**Q** 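My questions will all concern the structure given below.
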Amino acid sequence: MYKIAVLPGDGIGVEIVPEAVKVLKAVGGKYGHDFEFTEGLIGGAALDAVGEPLPKATLDLCYNSDAVLLGAIGGPKWDTLPVHLRPEAGALLPLRKALGLYANLRPATLYDALIDASTLKKEVIEGIDFMVIRELTGGLYFGEKKREKTATGQVAIDTMVYSTEEIIRIARLGFEIARKRKKVLHSVDKANVIESSRLWRETVIELAAEYPDVELIHMYVDNCAMQLVRWPKQFDVIVTENMFGDILTDQASMLTGSIGMLPSASIGGKIGLYEPSHGSAPDIAGQKKANPLATILSAAMLLRYSFNLNDEAAAIENAVVQVLNSGYRTPDIMESGGKPVNTEEMGDRVVEQIVGY
Ligand code: IPM
Ligand code: MG
């Protein structure tokens with residue numbers, strides 16, 4: 001039996017997560033696995049219900065599960081609260097930290113059926129398939145923050161901190177994953193300006209001696225942002241620090257047609273956390289417009305990385321390909337001739353493919 005903690009969160013989170021659960025249940029039924037789902041509160045939903053964004057009950061639920069499936073957190077309602085109560089800084093970041101999830105894997109894969117859904121030209125994006133490995137528990141998002149009053153206003157200070165150990169463990173994962181793929185690793189930094197990036201680069205170069213079979217290419221983050229839209233096919237595996245990875249993966253998602261397609265796996269601790277790369281999309285929440293595929297694909301990553309159920313993960317991914325090939329489209333990936341479906345119907349189509357109607 002596999003225990004899965006289910007944290008829908010806020011906004012479209014409550015619409016997309018049930019679709020991924022439905023798909024996991026279908027996979028469990030087909031392959032004879034017993035997945036036990038237990039729901040927990042997180043983010044604004046938890047704040048409204050029990051007064052804190054990451055209740056102890058939710059943390060305990062995660063610790064007592066084999067994997068965590070998360071939707072999205074945050075929304076305008078909670079944006080002006082003190083930092084420690086906000087869904088981002090008060091729940092999601094501490095949850096990642098508590099579970100020791102220092103590595104966030106975000107695969108950018110273009111599905112053939114969606115080649116016209118991207119805003120980029122076909123010849124630029126055709127065949128892209130790369131993995132961004134984002135460091136997830138260090139850097140600017142976790143360094144010391146301060147505000148001070150001055151005579152004329154305030155100063156705000158954020159600190160970008162990286163230790164050799166933090167860089168080694170994420171870079172090692174980069175080399176290991178690159179080794180299993182095309183053996184080319186892009187390490188993205190801003191070593192021409194930022195000190196933590198200089199340590200990053202030195203450390204990655206040292207570690208590269210252990211991986212002579214992997215070609216290591218250093219790239220500045222600004223150049224990488226440009227190269228991602230200029231010629232994304234040059235990338236196979238990218239490893240980078242927390243904030244650069246946050247920004248570059250939103251950008252990378254649009255190469256695949258929609259941010260509604262990009263899944264993610266946060267690993268490194270005993271219990272993995274799986275969530276779409278996108279946010280809670282308050283602008284479309286409650287309208288059944290959200291694309292559940294990033295979450296459904298995150299469920300596939302859960303099966304692969306936490307349970308080592310590779311056939312089952314592939315069954316979900318293949319079902320998604322079939323559904324897209326059949327023309328079903330949520331609004332974010334709609335194109336002329338597409339068959340419009342809402343969030344729930346998209347989930348149903350994936351389930352039908354899995355159970356083999
Ligand atoms: C993401 C999100 C989060 C992050 C926010 C909601 C804190 O943008 O998962 O990419 O920055 O990590
Ligand atoms: Mg982000």
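Residue numbers count from 1 along this sequence. Computed from a prediction, not measured in an experiment: that's the story for all the values here. Just follow the structure's listing: the first ligand is 1, and inside any ligand the first atom is 1.
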**Q** Considering residues at least two apart in sequence or located in another chain, which fulfil the ring pair (Phe, Tyr, Trp, His ring centres under 6.0 Å) criterion with Phe130?
**A**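 Phe130: no ring pair (Phe, Tyr, Trp, His ring centres under 6.0 Å) contacts found.
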**Q** For Phe235, give me all partners under ring pair (Phe, Tyr, Trp, His ring centres under 6.0 Å), at least two apart in sequence or on another chain.
**A**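 Residues passing ring pair (Phe, Tyr, Trp, His ring centres under 6.0 Å) with Phe235: His186.
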**Q** Which protein atoms of type N, O or S are found under 2.8 Å from the Mg ion (ligand 2)?
**A**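 Listed by chain and number, the atoms are Asp246 OD1.
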**Q** Salt bridge or not between Glu215 and Lys183? Use side-chain N to carboxylate O under 4.0 Å.
**A**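 Here Glu215 does not pair with Lys183 in a salt bridge, since their nearest N and O are not under 4.0 Å apart.
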**Q** With respect to atom 8 (O) of ligand 1, which of Asn242, Asp246, Leu93 exhibits the smallest heavy-atom separation?
**A**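 Shortest heavy-atom distance from atom 8 (O) of ligand 1: Asp246.
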**Q** Please assess Tyr162 against Glu135 for the test side-chain contact (heavy atoms from CB on, under 4.5 Å), listing each intermediate value before the final yes or no.
**A** CA-CA 10 Å; Tyr162 271 106; Glu135 201 290 328; 2.8 Å; yes
**Q** Is it true that Asp213 and Arg179 make a salt bridge, defined as a side-chain N closer than 4.0 Å to a carboxylate O?
**A**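 A salt bridge is present here (some side-chain N lies under 4.0 Å from a carboxylate O).
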**Q** Let me check something: any side-chain donor-acceptor pairs from residues 168-178 under 3.5 Å, sequence neighbours excluded? List them with distances.
**A**
{"unit_1": "Arg172", "atom_1": "NH1", "unit_2": "Glu210", "atom_2": "OE1", "d": "2.9"}
{"unit_1": "Arg172", "atom_1": "NH1", "unit_2": "Tyr211", "atom_2": "OH", "d": "3.0"}
{"unit_1": "Arg172", "atom_1": "NH2", "unit_2": "Glu210", "atom_2": "OE1", "d": "3.3"}
{"unit_1": "Arg172", "atom_1": "NH2", "unit_2": "Glu210", "atom_2": "OE2", "d": "3.3"}
{"unit_1": "Glu176", "atom_1": "OE2", "unit_2": "Tyr211", "atom_2": "OH", "d": "2.7"}

**Q** Which of the atoms of ligand 1 are close to Glu88, meaning less than 4.0 Å from one of its heavy atoms?
**A**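 That gives atoms 6 (C), 7 (C) of ligand 1.
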**Q** Before you tell me yes or no, could you show the steps for Lys145 and Asp158 under salt bridge (charged side-chain N to carboxylate O under 4.0 Å, His left out), namely the whole-Å CA-CA distance, both residues' side-chain angles and the distance that decides it to 0.1 Å?
**A** CA-CA 5 Å; Lys145 298 174 198 307; Asp158 292 284; 3.5 Å; yes
**Q** With heavy atoms of Arg134 as the reference, note each atom of ligand 1 found under 4.0 Å away.
**A**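 Answer for ligand 1: 1 (C), 4 (C), 9 (O), 10 (O), 11 (O), 12 (O).
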**Q** Report the C-alpha distance between Lys30 and Lys25 in whole Å, list the side-chain angles of each, state the deciding distance to 0.1 Å, and finish with yes or no for side-chain contact (heavy atoms from CB on, under 4.5 Å).
**A** CA-CA 9 Å; Lys30 177 157 179 172; Lys25 282 183 179 158; over 6 Å; no
**Q** Flag yes if more than 12 heavy atoms outside Gln234 fall under 6.0 Å of its CD atom; otherwise flag no.
**A**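 Enclosed: over 12 neighbouring heavy atoms sit under 6.0 Å from CD of Gln234.
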**Q** Under 4.0 Å from any heavy atom of Tyr141, which atoms of ligand 1 are there?
**A**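 Those qualifying, in numeric order: 11 (O).
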**Q** Give a yes or no on whether a salt bridge exists between Glu123 and Lys121, defined as a side-chain N under 4.0 angstrom from a carboxylate O.
**A**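 Lys121 and Glu123: not salt-bridged.
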**Q** Short list, please: which atoms of ligand 1 are under 4.0 Å from a heavy atom of Arg96?
**A**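 Answer, ordered by atom number: 1 (C), 4 (C), 9 (O), 12 (O).
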**Q** Tell me the contacting part of His278 for ligand 1: side chain, backbone, both, or neither, using a 4.0 Å heavy-atom threshold, strictly below.
**A**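 Neither part.
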**Q** Determine, using heavy atoms of Arg86 and all atoms of ligand 1, whether some pair is separated by less than 4.0 Å.
**A**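 It does not; every heavy atom stays at 4.0 Å or beyond.
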**Q** Note the single closest protein heavy atom to atom 1 (C) of ligand 1, along with its residue, its atom name and the distance in Å.
**A**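 Going atom by atom, the protein heavy atom closest to atom 1 (C) of ligand 1 ends up being Arg106 NH2, 3.4 Å.
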